[in-house]
Amino acid sequence: MAKKNKIQRPKARRPRGFEDKSSDILRSEARLIEAAFSVYDANGFEPLQTPAFEYADVLGKFLPDEDRPNVGVFALRDDDEQWMALRYDLTAPLARFVAENYDALAKPYRRYQAGSVFRNEKPGPGRFREFVQCDADSVGAPGAAADTEMIMLAADVMKAVGLETGGYVIRVNNRKLLDGILEASGVPNTEEGAIQRLKVLRAIDKLDRLGADGVAALLGEGREDESGDYTEGAKLNAAGVKAVLGFTTASATDRGDTMNTLASLVGSSSAGQAGVDELKMIDAILGACDYGPDRVVFDTSIVRGLGYYTGPVFEAELLADIKDKKGRPVRIGSVGGGGRYDDLVSRFRGQAVPATGFSFGVSRFASALARLNPEQQGESAPVIICAFDRELMGEYFKMAAELRAAGIRAEVFVGAGNVAKQLKYADRRGAKLAVLMGSDELERGEVTIKDLVLGAEMAKAISDNKEWRENKDMQRSCKRDQFVATIKEMSA
RNA sequence: GCCGCCUUAGCUCAGUAGGUUAGAGCGCCGGUUUGUGGAACCGGAGGUCCUUGGUUCGAGACCAAGAGGCGGUACCA
């Protein structure tokens with residue numbers, strides 16, 4: 001019982017929903033961002049970086065005289081008592097930036113940005129409280145041409161990350177169409193109908209998960225799930241439910257067919273007609289640039305859950321290589337999305353500032369890509385130069401520099417321990433080659449290079465330690481001035 | 001927020017009916033081997049048994065509350 005008095009140590013742990021990212025993940029995410037940035041840059045977009053903190057009201061949060069900030073954001077009070085919060089997306093900060101620098105910016109202002117965003121919500125599998133988004137937006141362009149540009153950009157990013165045509169699809173819809181349908185069903189296209197419209201959007205968003213029946217319940221009175229939780233419905237009448245569900249299944253593979261169907265569906269609604277007209281414009285530009293239905297389709301079942309979209313909306317989806325029974329590619333999910341949001345900037349200025357953009361979740365996209373190509377691996381481990389003799393450290397670093405100059409990743413062992421330790425380190429790092437140069441080699445003017453992969457292979461056939469240690473077949477020596485060339489040869 | 005499951009070593013888990021000093025495998029560190037990563041053998045470190053309270057002569061085990069984790073559902077401006 002009389003345990004020795006233990007020092008109270010802090011427990012090494014991280015807050016839930018916040019992740020440490022390993023080198024492999026970091027490298028694949030960096031490649032993804034680089035590919036996207038190069039597409040945006042080539043299209044004339046400019047990079048922008050905004051701070052992680054914004055004033056809470058800028059983010060669209062009202063924090064009246066409350067001690068606790070609203071849930072959903074990480075907020076704190078500055079020393080002047082003002083509420084600041086970590087950004088939860090990159091769009092609200094962009095709206096602030098544009099409004100703040102409006103006169104100095106050439107419109108349309110088109111920028112791209114990647115960075116961490118923060119959401120104070122319950123984390124789940126694949127859902128974190130900090131995650132990286134990569135956005136491109138176009139502010140100040142009212143027409144569907146700007147939306148089409150974003151759609152083509154999204155398709156180009158898919159291509160730039162190495163996806164073949166058929167491996168992805170951009171699905172396009174238009175909020176105005178649904179507004180038109182709802183208007184015809186008695187939901188006014190005004191402020192009063194906003195909450196109801198949002199409920200409709202969220203219900204449609206759950207189509208793939210709940211099926212038509214579940215969505216019908218959510219569009220009507222409401223729905224109770226298996227755990228007994230009740231979700232209030234959008235309270236549409238039976239005809240409304242039918243109209244909305246009919247709309248979500250109205251799209252076909254051919255964009256022209258879809259437009260014809262929709263034109264008859266929206267009838268005389270002005271919002272609906274405007275939506276169809278925009279799709280026509282989008283289709284015309286896509287057609288001229290050869291973005292066929294194998295890359296971009298019109299799909300009335302995608303809506304995006306957010307309330308701030310006002311016009312065309314779209315999602316980028318990865319299609320797995322596997323086909324379902326009917327021979328169609330299986331959906332593995334949306335990796336990004338975007339759309340038109342005409343009211344976000346005008347919040348700050350009281351003057352119309354139309355905007356449209358595209359955003360993808362970097363981690364989700366990167367891990368989906370990794371699932372598609374598991375064989376694609378990251379950076380190869382560096383050549384490890386063992387610190388055999390501490391007197392020769394200068395020479396070791398010089399050798400490492402020579403390797404780097406030849407484009408080979410290399411490092412000198414700077415830790416503690418004998419050669420056995422150092423080789424064990426090299427092994428753990430996954431290095432293919434280790435360089436050994438001690439007094440023997442120095443005398444002969446040579447360098448010993450050990451092939452660790454070959455050594456591991458040979459070890460399988462050897463069970464005796466003495467034999468294993470004396471076996472030198474996995475290593476070779478070369479003259480000091482042949483060093484870099486030999487490494488090159490052996491790493492091939 | 002609501003519902004369910006779970007919590008013993010770094011990891012995966014065992015722990016007999018409530019009974020001294022809480023175990024195993026893997027991993028880690030060291031040695032056999034101070035110029036060679038594997039294997040084998042030997043040794044070692046590492047635990048507030050999630051926390052608090054209760055029942056009991058006695059709790060890792062039984063009871064209660066709380067915390068944390070996992071899953072589902074809702075929310076996600």
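Order of the sequence lines fixes the chain letters, A, B, ..., with proteins taken first and strands second; residue numbering starts at 1 for each chain.
As rounded to the nearest Å, B:C11 and B:C70 have P atoms that lie 14 Å from one another. Rounded to whole Å, the separation between the P atoms of B:A22 and B:C50 comes to 15 Å. Between the P atoms of B:U51 and B:U32, the separation comes to 41 Å (whole Å). Nucleotides B:A24 and B:G19 have their C1' atoms positioned 22 Å apart, rounded to a whole Å. When the C1' atom is compared between B:U16 and B:G53, the two are found 28 Å apart, to the nearest whole Å. Annotation: B:G60 and B:G23 have their C1' atoms spaced 12 Å apart (nearest Å). Between B:A61 and B:U21, the two P atoms lie 16 Å apart (nearest whole Å). The gap from the C1' atom of B:G46 to that of B:G30 amounts to 14 Å, rounded to the nearest Å.
Put simply, the side chain of A:Arg469 and the base of B:U36 share no donor and acceptor less than 3.5 Å apart. Looking at A:Asp427, its side chain has no donor and acceptor atom pair within 3.5 Å of the base of B:G38. Under 3.5 Å, the side chain of A:Glu470 and the base of B:U36 form no donor-acceptor pair of N or O atoms. Checked by distance alone, A:Glu457 brings no side-chain donor or acceptor within 3.5 Å of a matching partner on the base of B:G38.
Nearest to the side-chain atoms of A:Val419 among the listed nucleotides B:U36, B:G72, B:A77 stands B:U36. When the nucleotides B:G35, B:U36, B:G38 are ranked by their closest atom to the side chain of A:Leu423, B:U36 comes out on top. Closest to the side chain of A:Lys450, out of B:U36, B:U73, B:A39, is B:U36. If you check B:C75, B:C2, B:U36 against the side chain of A:Thr231, the one that comes closest is B:C75. For A:Ser439, the listed nucleotide lying nearest its side chain is B:G35; candidates were B:G35, B:A39, B:A77. In this structure, the nucleotide among B:A77, B:G37, B:U73 sitting nearest to the side chain of A:Tyr88 is B:A77.
Toward the 5′ end of RNA chain B lies the nearest nucleotide of A:Thr448, the other residue of the pair A:Thr448 and A:Ile462 mapping further downstream.
Among the heavy atoms of the strands, none lies under 4.0 Å from A:Met437.
When both distances must be under 3.5 Å, the Watson-Crick or G-U wobble mate of B:G66 is B:C50. When both pairing distances are held under 3.5 Å, B:U34 makes no Watson-Crick or G-U pair with any nucleotide shown. Across all strands shown, the partner of B:G10 is B:C26, judged by Watson-Crick or G-U wobble contacts whose two distances both fall under 3.5 Å. Nucleotide B:C57 has B:G19 as its partner under the Watson-Crick or G-U criteria, with both atom distances under 3.5 Å.
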Produce the list of close N/O pairs, under 3.5 Å, pairing protein atoms with atoms of nucleotides 67-69 of chain B; give distances to one decimal.
unit_1	atom_1	unit_2	atom_2	d
B:G69	OP2	A:Arg16	NE	3.3

Enumerate all atom pairs, one protein N or O and one N or O from nucleotides 30-32 of chain B, separated by less than 3.5 Å.
unit_1	atom_1	unit_2	atom_2	d
B:G30	OP1	A:Lys421	NZ	2.7

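Counting heavy-atom neighbours within 6.0 Å of A:Arg119 CZ, excluding the residue itself, gives a total above 12. No more than 12 heavy atoms of other residues, nucleotides or ligands shown are found within 6.0 angstrom of CD on A:Gln49. Atom NZ of A:Lys107 sits in a crowded spot, with more than 12 heavy atoms from other residues, nucleotides or ligands closer than 6.0 Å.
Using a 4.0 Å cut-off, some side-chain N or O of A:Lys206 falls inside it from OP1 or OP2 of B:C75. Residue A:Arg428 has a polar side-chain atom (N or O) positioned under 4.0 Å from OP1 or OP2 of B:C28.
By the 5.5 angstrom centroid cut-off and the 30-degree plane limit, A:Trp468 is classified as not stacked against the base of B:A39.
Taking 4.0 Å as the cut-off between side-chain N and carboxylate O, A:Glu278 and A:Arg340 do not count as a salt-bridged pair. Between A:Lys21 and A:Glu130 there is no salt bridge, since no side-chain nitrogen of the basic residue lies less than 4.0 Å from a carboxylate oxygen of the acidic one. Here A:Glu221 pairs with A:Lys235 in a salt bridge; the nearest charged N to carboxylate O distance falls below 4.0 Å.
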field: A:Phe18 and A:Phe74: CA distance, side-chain angles, deciding distance, ring pair (Phe, Tyr, Trp, His ring centres under 6.0 Å) verdict
entry: CA-CA 13 Å; A:Phe18 290 89; A:Phe74 292 97; 5.8 Å; yes

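Ring-plane geometry between A:Tyr309 and A:Tyr341 is classed as perpendicular, the angle between the planes exceeding 60 degrees on a 0 to 90 degree scale with a lower cut at 30.
Residues A:Phe360 and A:Phe365 bring their aromatic ring centres within 6.0 Å. If you look at A:Tyr396 and A:Phe388, their ring centroids are not closer than 6.0 Å.
No donor-acceptor pair closer than 3.5 Å links the side chain of A:Arg480 to the backbone N or O of A:Arg444.
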